[in-house]
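Lettering follows sequence order; numbering is per chain, from 1.
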Protein chains: 4
Amino acid sequence: MPKIVDEQMREATRRKILREAAREFARLGFDQANINLIAEQAGIGKGTIYLYFENKRELFLAMLRTIAQTQLGTVRAALAEAGTLEQRLARLFLAFARLAEEDSDSFSVYMSALYGVNRAFQAEATRLLRDYLAVISLVLEQGQANGEIQSDDIEASSLLVLSLTESYILSARVLDWPEAEITNRAEAIAHTIIQGLAPKPTVT
Amino acid sequence: MPKIVDEQMREATRRKILREAAREFARLGFDQANINLIAEQAGIGKGTIYLYFENKRELFLAMLRTIAQTQLGTVRAALAEAGTLEQRLARLFLAFARLAEEDSDSFSVYMSALYGVNRAFQAEATRLLRDYLAVISLVLEQGQANGEIQSDDIEASSLLVLSLTESYILSARVLDWPEAEITNRAEAIAHTIIQGLAPKPTVT
Amino acid sequence: MPKIVDEQMREATRRKILREAAREFARLGFDQANINLIAEQAGIGKGTIYLYFENKRELFLAMLRTIAQTQLGTVRAALAEAGTLEQRLARLFLAFARLAEEDSDSFSVYMSALYGVNRAFQAEATRLLRDYLAVISLVLEQGQANGEIQSDDIEASSLLVLSLTESYILSARVLDWPEAEITNRAEAIAHTIIQGLAPKPTVT
Amino acid sequence: MPKIVDEQMREATRRKILREAAREFARLGFDQANINLIAEQAGIGKGTIYLYFENKRELFLAMLRTIAQTQLGTVRAALAEAGTLEQRLARLFLAFARLAEEDSDSFSVYMSALYGVNRAFQAEATRLLRDYLAVISLVLEQGQANGEIQSDDIEASSLLVLSLTESYILSARVLDWPEAEITNRAEAIAHTIIQGLAPKPTVT
DNA sequence: AATGAATGAGAATTCATTCAT
DNA sequence: AATGAATGAATTCTCATTCAT
């Protein structure tokens, strides 16, 4: 069974490279990041990296894709649990806050790709954005079916939810607000959204 | 008084450099942008740029500061006009949308600085963020005084407003939504915010 | 006797490598040729090539030697048949023309080794040159014995014959002359040589 | 007049680079030659070379062109002087011998380009070959007009002359024949050619 | 003050070769 | 014997910055 062991080794190395790449790219950005250093920190020769990724650009894209998968999984899990719409939106907020905190390398590398100037990177990052919107749309639709909110444009509302959630956390971090301060706002933010999207009172 | 003429010339050249720098940095990002090209497009010699800015980094920072001043002026003007809080927030949204559209170079260079990995650039960009928050806070305080909203943490609410506004526009643009679609949402967004921050009904 | 079978296999593999090497070296030259590609096209593993040849350089030299043997065989055969000296020199010319056409990979790899800058390769290629000269010298000596030509320096005359023959074909090919045009000159060239080396008329 | 001085300086530097390039390329061939080393030996910074030549390949081609001009000039001069056809062909031979001896770097770099595998280089080198043929054709035509030779295909005869001359010298050098031995053959070779191309005796 | 020629640090990538399996 | 994953030396070219004019 050397095949399976080899395959596992290969996968482990690949993951190690991606992890170190995320760290390096988060620290310095795409252009300043040094492939040699990534290889070194991954404990492999600098030529070896090219056995796993065609070039620097492809490494970056592969890393973006990996990050996207992980983050989308986390967000999906957060929204999967039952509860009122407000509770679920609060969990969404907390999920993002946790991502930003615990996997801040990935988070910042993602944001810089999304809002940076490199079109190829932006396109890849936008894919995750769309996935987020799809997931949130589903939740909002359920909320609408339950009469919790009322929206004539679910996609626009989803973008409202996502923008607010993501950007709030991001900005708060940039402003150096303490982590607790951020997570404490989860319920208030969720409440604001629900209020904002509240169904119009029906006349009897 | 040739002194004044010289001074004016110098200022004109400086501005020209900054304008071309914004274009180039927006197009390629800090690292890929080429100083020689900026000089060429500004109609000056390669070496001359260093008589105006210490180095590439300082040029970028000076450009960020210039952009910040311009944008803050626009936003201030939008919020200065009278009207209900909802109207003013809608105008804020539209002001950002216009900035993103009409001065997209500056806008994108700013966003990539804010969400990018370079700490020095982020710090500079954060300054504008704080200025925005201060301006919005003022407006919200007035709204609170008028009973239009009710917030126990004006700064947090300001961040909510700013995050939502800025990120909504940014994301919509990344998603390639048509400009009209974006500006059309101004009132709905403003309305949502007002609803979300609505004062609790007082029991009589 | 599995020994013999093994030996045959080994020899077959060796020959396959040499054939693919000639193709690759002819296509790209020594430096640009890729050992991995040669191995791949020979249907063996990258490492295997080093069980047959010490390194890239030795592979190239071995290939040169193989080519030399083949080409010398062809030329010898062409000169072996009976006929007047003029007929034999015309056959020599045609033999070279055929080599250049039918085994152009080998021919071009050889010429670039001979006229290239790598001393080790040039030395190896020169060996074939000397062998050619020896063969031609023999033929000229016979021609002299028969009174067909008259030369006070057979070696120099051999070089004259070889230079003219080889270089004429090579240059004509570089100039993109059609193959037929080249072979058509065989007799004229042979005739010119014979005339040029004609014995001085003896006074009676 | 700093313009003229600058222009002279620039031209001098350019020539120095080309000279060192010829040396380096002759020593190691195109691929093994090191741009940094060429710059160093030319006494300039390694970036400077790129102010004069776009890249390594263009440097090589420029060098080939320079060599071609020089060599063609030498050959033209050799053939320009009056004399019998035989004398002129002997001078042609000697001119090539001198080029091969005194400017052996250029000579070998040229030969390896002509017979090497790089099509771009070969095309450039072939141009010189054609120029040589044109010059020799002119001379042969004059010889024919004078009744010194008789050829039904001047171009083919020119190639015969050139191939023999060039290749004889080249091969003799590869075979390590002493220089004197080579130059001594000039008249014999010229004589052989004239004999070989001798007009058919007319019957009276 | 303005210029642009010259510089050289720096980094991605290739590929011959090794060696554990 | 055969393999191919891993290695790292080696090299071209770019571009921010300097400085003599």
A.B. asks: Scan residues 18-26 of chain C against DNA chain E and write down, sorted by residue number, each residue with any heavy atom closer than 4.0 Å; if none is found, say none.
C.D. replies: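 None - not one residue of the stretch has a heavy atom sitting under 4.0 Å from the strand.
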A.B. asks: Rounded to the nearest angstrom, tell me the gap between atom CD1 in I49(C) and atom C1' in dA1(F).
C.D. replies: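 It is 15 Å, rounded to the nearest whole Å.
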A.B. asks: Using a strict threshold of under 4.0 Å (side-chain N to carboxylate O), is an ion pair present between R10(D) and E7(D)?
C.D. replies: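 The answer is no: the pair does not qualify as a salt bridge.
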A.B. asks: For residues F60(D) and E124(D), determine if any side-chain heavy atom of one lies less than 4.5 Å from a side-chain heavy atom of the other.
C.D. replies: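 Answer no - side chains too far apart.
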A.B. asks: Figure out the CG/C1' separation between L51(D) and dA6(E), and round it to whole Å.
C.D. replies: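 Spelled out: CG on L51(D) to C1' on dA6(E) is 7 Å.
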A.B. asks: Taking the side chain as everything from C-beta on, heavy atoms only, tell me whether K46(A) gets closer than 4.5 Å to I35(A).
C.D. replies: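 Answer no - side chains too far apart.
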A.B. asks: Evaluate the ring planes of F30(A) and F25(A), with Trp represented by its six-membered ring, and classify them as parallel (under 30°), tilted (30 to 60°) or perpendicular (over 60°).
C.D. replies: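 It falls in the parallel class, under 30°.
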A.B. asks: Is there side-chain contact between L59(D) and Y52(D), with at least one heavy-atom pair below 4.5 Å?
C.D. replies: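 No; the side chains remain at least 4.5 Å from each other.
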A.B. asks: What is the distance, to the nearest angstrom, from the CD1 atom on I44(C) to the P atom on dT3(F)?
C.D. replies: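 Interatomic distance, CD1 of I44(C) to P of dT3(F): 7 Å.
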A.B. asks: At under 4.0 Å between heavy atoms, what does F53(D) touch on the DNA or RNA strands: base, sugar-phosphate, or nothing?
C.D. replies: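 If one applies the 4.0 Å heavy-atom cut-off, F53(D) turns out to touch nothing in the nucleic acid.
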A.B. asks: Measuring to OP1 and OP2 of dA1(F), would you say a side-chain N or O of Y52(C) lies under 4.0 angstrom away?
C.D. replies: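 For dA1(F), OP1/OP2 do not have a side-chain N/O of Y52(C) under 4.0 Å.
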A.B. asks: Other residues, nucleotides and ligands only: do more than 12 of their heavy atoms fall within 6.0 Å of CD on E58(C)?
C.D. replies: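 Buried by this count: over 12 neighbours within 6.0 Å.
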A.B. asks: What is the distance from CE of M9(D) to P of dG4(E), rounded to the nearest Å?
C.D. replies: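 Between P of dG4(E) and CE of M9(D): 18 Å.
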A.B. asks: Using a 6.0 Å cut-off, check whether atom CZ of R65(B) has over 12 heavy atoms from anything other than its own residue.
C.D. replies: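 More than 12 heavy atoms, drawn from other residues, nucleotides or ligands, come within 6.0 Å of this atom.
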A.B. asks: Within the 4.0 Å limit for protein heavy atoms, which parts of nucleotides 15-20 of chain E are touched? Write it as a string from 5' to 3', B for base, S for sugar-phosphate only, - for none.
C.D. replies: SSBB--
A.B. asks: Run through DNA chain E and report every stem of 3 or more consecutive Watson-Crick or G-U pairs, distances under 3.5 Å, ordered by first number.
C.D. replies: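 DNA chain E forms these stems: E:2-21 with F:2-21.
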A.B. asks: Are any non-hydrogen side-chain atoms of K16(B) and E20(B) less than 4.5 angstrom apart?
C.D. replies: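 SC-SC contact between K16(B) and E20(B) confirmed.
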A.B. asks: Quickly work out the R14(D) CZ to dA5(E) P distance and round it to whole Å.
C.D. replies: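 My rounded result for the distance is 15 Å.
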A.B. asks: Just how far, in rounded Å, is C1' of dA16(F) from CG of L37(B)?
C.D. replies: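 In whole Å, dA16(F) C1' lies 14 Å from L37(B) CG.
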A.B. asks: Apply the test side-chain hydrogen bond (donor to acceptor under 3.5 Å, both in side chains) to residues Q32(B) and D31(A): give CA-CA distance (whole Å), side-chain angles for both, the deciding distance (0.1 Å), then the verdict.
C.D. replies: CA-CA 8 Å; Q32(B) 292 288 327; D31(A) 290 289; 2.7 Å; yes
A.B. asks: Within the structure provided, determine whether V117(B) and R27(A) are in side-chain contact (heavy-atom separation under 4.5 Å).
C.D. replies: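 When only atoms from C-beta onward are counted, R27(A) and V117(B) do not touch, as no gap falls below 4.5 Å.
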A.B. asks: Which whole-number value in Å describes the distance from R10(A) CZ to dA5(F) P?
C.D. replies: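 The distance from CZ of R10(A) to P of dA5(F) comes to 7 Å, rounded to the nearest Å.
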A.B. asks: Could you measure the distance from the CD1 atom of I67(D) to the CG atom of L18(D)? Nearest 0.5 Å is fine.
C.D. replies: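 Answer rounded to 0.5 Å: 8.5 Å.
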A.B. asks: dC15(F) P sits how many Å from E40(B) CD, rounded?
C.D. replies: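 In whole Å, dC15(F) P and E40(B) CD are 13 Å from each other.
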